[in-house]
Amino acid sequence: MLKIPYEFWIGWRYTRAGRGRRRDRFISFIAASSMAGIGLGVAALIIVLSVMNGFQKEVRDRMLSVLPHIELYPVGGERGAALASWRELTALAKKNPEVQAGAPYVAAQAMIARDQVLRGVQVRGIEPQAERGVSDVAGQMVAGSLDALQPGSYGVVLGRALAQGLGVGLGDPILMLAPQGSVTPAGFTPRMRQFTVVGIFEAGHYEYDSSLAFVNVDDAARLFRDSGIGGVRLRIADMQKAPQVARELAQLLPPNIAAADWSRNNRTWFAAVQTEKRMMFLILALIIAVAAFNLLSSLVMAVNDKQADIAILRTLGATPGEIARIFVVQGALIGVIGTLLGVAGGTLIAYNIDVIVPAIEHALGIQFLPRDIYLITELPSDPRLSDIVTIGVTSLVLSFLATLYPSWRASRLQPAEVLRHD
């Protein structure tokens, strides 16, 4: 039969002492406050990091509904080399089992003019049928059709915010100006072409809805033959493996073709999000640290209050190490119970935040994320086991560290000195 050391039972008794002397009740209240503080800190960390993960995942998915997982583009040499052989490059890339589809593209920057309104845009030349395999733009059309981008028709599909800013709708003409032009006796003449709006899309990401325009790849190649970059857009089965797949493709592709994955093309944004997440972890971890200091103070008070008990135990043969373990057990129990309550409460809220937040909004008559201001109108949440484990371990470590000084102080008490003053 397993024998539990007496230090555990005494530590447990000190933890739940709530009856008897008024001082015992006060010390028990301080211990309960420390436990509640640890639980609230752990729960707050889990909820905040889950919401930040949810925002990152939501924005990333909306970005990748428009952007490719991997781009193949020429480095040096002729700009259109990759575009002319895009089918061969796609077939070569599909030798990697992760690659699902490929489509040609031309990327360029241009100016769009409509009456007195002038906007800078990112232009993407695409092949409508092939594009369906690498992006979700066809499913994001709110007016018109992506299939209307036929070669030679000079049609354009605009983001919804961009179309509203220009004040255009289906069938309206716009003027697109390329950065390069021709030098004539009359001076510099920009290359320009009239396009007709044949579709409007909404990706749900303001940056792309307000600055992205799609045209047919052949029309883009003619207009931007001096400034555009042609290549191949790839979609893979698992977008998280994009960096690895890009490195593997670099070994298969010709030396004049480079591969760039989505995390590399948007590394500044993702680096900023990761930095913000780390800072939020450090800031909210201070809540747990404050609770740990409360735990330390409550244990110091408990040691001062239990000096007579400690002296009696020492005279009965208890070693300094056993006395120290009593208060380590007391502090550890407070830390463990507080951490478990925080993990349970935080995880429960994080997994049900899509129900809890609307209920609070309805009860208070407010909206946390107004549709006309924020990109995302519902609070997303993505709890991750790695974050929950890290938070729990951090809480337990801080709680354990808070027990070291009080337990050491208790072990140093001399029975004779204590009993002489009692």
Decide if atom [atom1] of [X] counts as having more than 12 heavy atoms of other residues, nucleotides or ligands within a radius under 6.0 Å.
X      : atom1 : value
Glu276 : CD    : no
Lys277 : NZ    : yes
Phe281 : CZ    : yes

Does any non-hydrogen side-chain atom of [Y] lie less than 4.5 Å from one of [X]?
X      : Y      : answer
Asp172 : Arg114 : yes
Met176 : Phe224 : yes
Leu92  : Pro254 : yes
Pro406 : Leu296 : yes
Gln330 : Phe327 : yes
Pro128 : Leu149 : yes
Val66  : Gln140 : yes
Ile126 : Val217 : no

Identify the heavy atoms of [X] and [Y] that sit nearest to each other, and give their distance.
X      : Y      : result
Met141 : Leu146 : CE-N, 4.0 Å
Ala260 : Tyr73  : CB-CE2, 3.8 Å
Pro358 : Ile353 : CD-O, 3.8 Å
Val156 : Ala213 : CG2-CB, 3.9 Å
Ala178 : Leu223 : CB-O, 3.9 Å
Ala113 : Leu118 : CB-CD1, 3.6 Å

[X] (side chain) donor-acceptor with [Y] (main chain) under 3.5 angstrom:
X      : Y      : result
Thr196 : Gly155 : no
Ser297 : Asn294 : yes
Ser395 : Gly392 : no
Asn53  : Leu49  : yes
Ser34  : Leu295 : yes
Trp262 : Met239 : yes
Asn352 : Ile349 : no

Problem - Side chains of Asp147 and Gln129, donor plus acceptor under 3.5 Å - result: yes

Problem - Single hit among Arg247, Glu248, Gln240 for side chain to side chain donor-acceptor pair (under 3.5 Å) with Gln244 - result: Glu248

Exercise for the section: Go through Val121 and Met111 one step at a time and tell me if the side chain to side chain contact (heavy atoms under 4.5 Å, CB included) criterion holds. Expected result: CA-CA 6 Å; Val121 297; Met111 300 293 289; over 6 Å; no

Problem - Carboxylate-amine/guanidinium contact Glu71 Arg233, below 4.0 Å - result: no

Exercise for the section: In plain terms, say whether Lys241 and Asp261 are close enough for a salt bridge, that is, a side-chain N and a carboxylate O under 4.0 Å apart. Expected result: no

Measuring from atom [atom1] of [X] to atom [atom2] of [Y], what distance do you get when rounded to the nearest 0.5 angstrom?
X      : Y      : atom1 : atom2 : result
Asp136 : Glu131 : CG    : CD    : 9.5 Å
Gln122 : Ser210 : CD    : OG    : 9.0 Å
Ser407 : Phe400 : OG    : CZ    : 7.5 Å
Tyr351 : Ile356 : OH    : CD1   : 13.5 Å
Met279 : Leu284 : CE    : CG    : 11.0 Å
Leu162 : Asp209 : CG    : CG    : 9.5 Å

Exercise for the section: Identify the residue among Val397, Ile391, Leu398 that makes a side chain to side chain contact (heavy atoms under 4.5 Å, CB included) with Thr394. Expected result: Leu398

Problem - Trace of the side chain to side chain contact (heavy atoms under 4.5 Å, CB included) decision for Ile112 with Leu158 - result: CA-CA 11 Å; Ile112 289 181; Leu158 303 177; 4.1 Å; yes

Exercise for the section: Dump the intermediate steps for side chain to side chain contact (heavy atoms under 4.5 Å, CB included) on Val300 and Arg409, then the final yes or no. Expected result: CA-CA 8 Å; Val300 170; Arg409 183 174 175 179; 3.4 Å; yes

Practice task
Indicate, with yes or no, if the rings of Phe214 and Phe201 have centres closer together than 6.0 Å.
Solution key: yes

Exercise for the section: Take Asn216 and Glu127 through the side chain to side chain contact (heavy atoms under 4.5 Å, CB included) test and state the conclusion after the steps. Expected result: CA-CA 6 Å; Asn216 186 273; Glu127 203 287 311; 5.6 Å; no

